[in-house]
Amino acid sequence: MNADDVLSAAIRERRCLTGLYDGVVRHFAPHALGTKLEGTAAVFVFQYAGETVTGLPSGGQWRCFSLDKLSHLRINEHRWRSRSNYTLKRQTCLAMITVGLPISS
């Protein structure tokens, strides 16, 4: 399975993933897959654990991961995570969404 397939399945099934982003282990719940304004493939996620370069607030944070920096993806057994402020219309990560959870998720 390629990264697009793993991410798409995880979004549809509300499964959390573990992977390397910029060489750092991240645990996250993917919410939408698509492209940034400049055409770069990306995924809008809620990162709840793992490492970061800039630090991760207690409880997690919304992040935008470029697919070209994401590797070693695997589904983990962590419970699904999101936040009440989730909305596809208000996120600024993706200009075009190919797979995404509905706002009511």
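Fair warning: this is a prediction, and the values are worked out from it, not measured in the lab.
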Which pairs would a plain distance check flag for residues 44-57, meaning a side-chain donor or acceptor within less than 3.5 Å of a matching protein atom at least two apart in sequence or in another chain?
unit_1, atom_1, unit_2, atom_2, d
Gln47, OE1, Arg26, NH1, 3.2
Gln47, NE2, Ala49, O, 3.1
Gln47, NE2, Glu51, O, 3.1
Tyr48, OH, Asn76, ND2, 3.3
Tyr48, OH, His78, ND1, 2.7
Thr52, OG1, Gly55, N, 2.5
Thr52, OG1, Gly55, O, 3.2
Thr54, OG1, Arg63, NH1, 3.4

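Legend: residues meeting salt bridge (Lys or Arg N to Asp or Glu O under 4.0 Å) with Arg15, ordered by chain and number and at least two apart, are Glu77. Checked against side chain to side chain contact (heavy atoms under 4.5 Å, CB included), Asn2 has the following partners two or more places apart in sequence or in another chain: Asp4, Asp5. In this structure, Lys69 has no side-chain hydrogen bond (donor to acceptor under 3.5 Å, both in side chains) partners at least two apart in sequence or on a different chain. Annotation: side-chain hydrogen bond (donor to acceptor under 3.5 Å, both in side chains) contacts of Ser71 (sequence neighbours excluded): none. Not counting sequence neighbours, Glu13 has no partner by the salt bridge (Lys or Arg N to Asp or Glu O under 4.0 Å) test.
Residue Leu67 holds its CG atom at 9.0 Å from OH of Tyr21, rounded to the nearest 0.5 Å. Summarising the geometry, atom NE2 belonging to His31 is positioned 8.0 Å from atom CZ belonging to Arg14; distances are rounded to the nearest 0.5 Å. Note that CG of Leu17 is 11.0 Å distant from NE2 of His27, once rounded to the nearest 0.5 Å. The line from CG of Leu70 to CG of Leu20 is 8.5 Å long, rounded to the nearest 0.5 Å.
Lys36 approaches Cys64 most closely through the heavy-atom pair CE-SG, 3.7 Å. When every heavy atom of Ile97 is checked against every heavy atom of Ala32, the shortest pair comes out as CG2-CB, 4.3 Å.
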query = Run the side-chain contact (heavy atoms from CB on, under 4.5 Å) check on Phe28 and Phe65 step by step: do they pass?
reply = CA-CA 11 Å; Phe28 59 93; Phe65 293 163; 3.8 Å; yes

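Under the 4.5 Å side-chain criterion, counting only non-hydrogen atoms from C-beta, Val99 is not in contact with Leu7.
Under the 3.5 Å distance criterion, the side-chain polar atoms of Gln91 are matched with a main-chain donor or acceptor of Cys93. Judged by distance alone, the side chain of Thr98 and the main-chain N or O of Leu33 form a donor-acceptor pair under 3.5 Å.
One hydrophobic cluster, built from ILVMFWY side chains closer than 4.5 Å, cannot hold both Leu73 and Val25; they sit in different ones. Hydrophobic clustering of Ile, Leu, Val, Met, Phe, Trp and Tyr side chains at less than 4.5 Å, counting indirect connections, unites Ile75 with Val43.
Evaluation of the disulfide bond (SG atoms under 2.5 Å apart) test over residues 21-57, restricted to residues two or more places apart or in two chains, returns none. Listed by first and then second residue, the disulfide bond (SG atoms under 2.5 Å apart) pairs involving residues 11-61 amount to none (not counting sequence neighbours).
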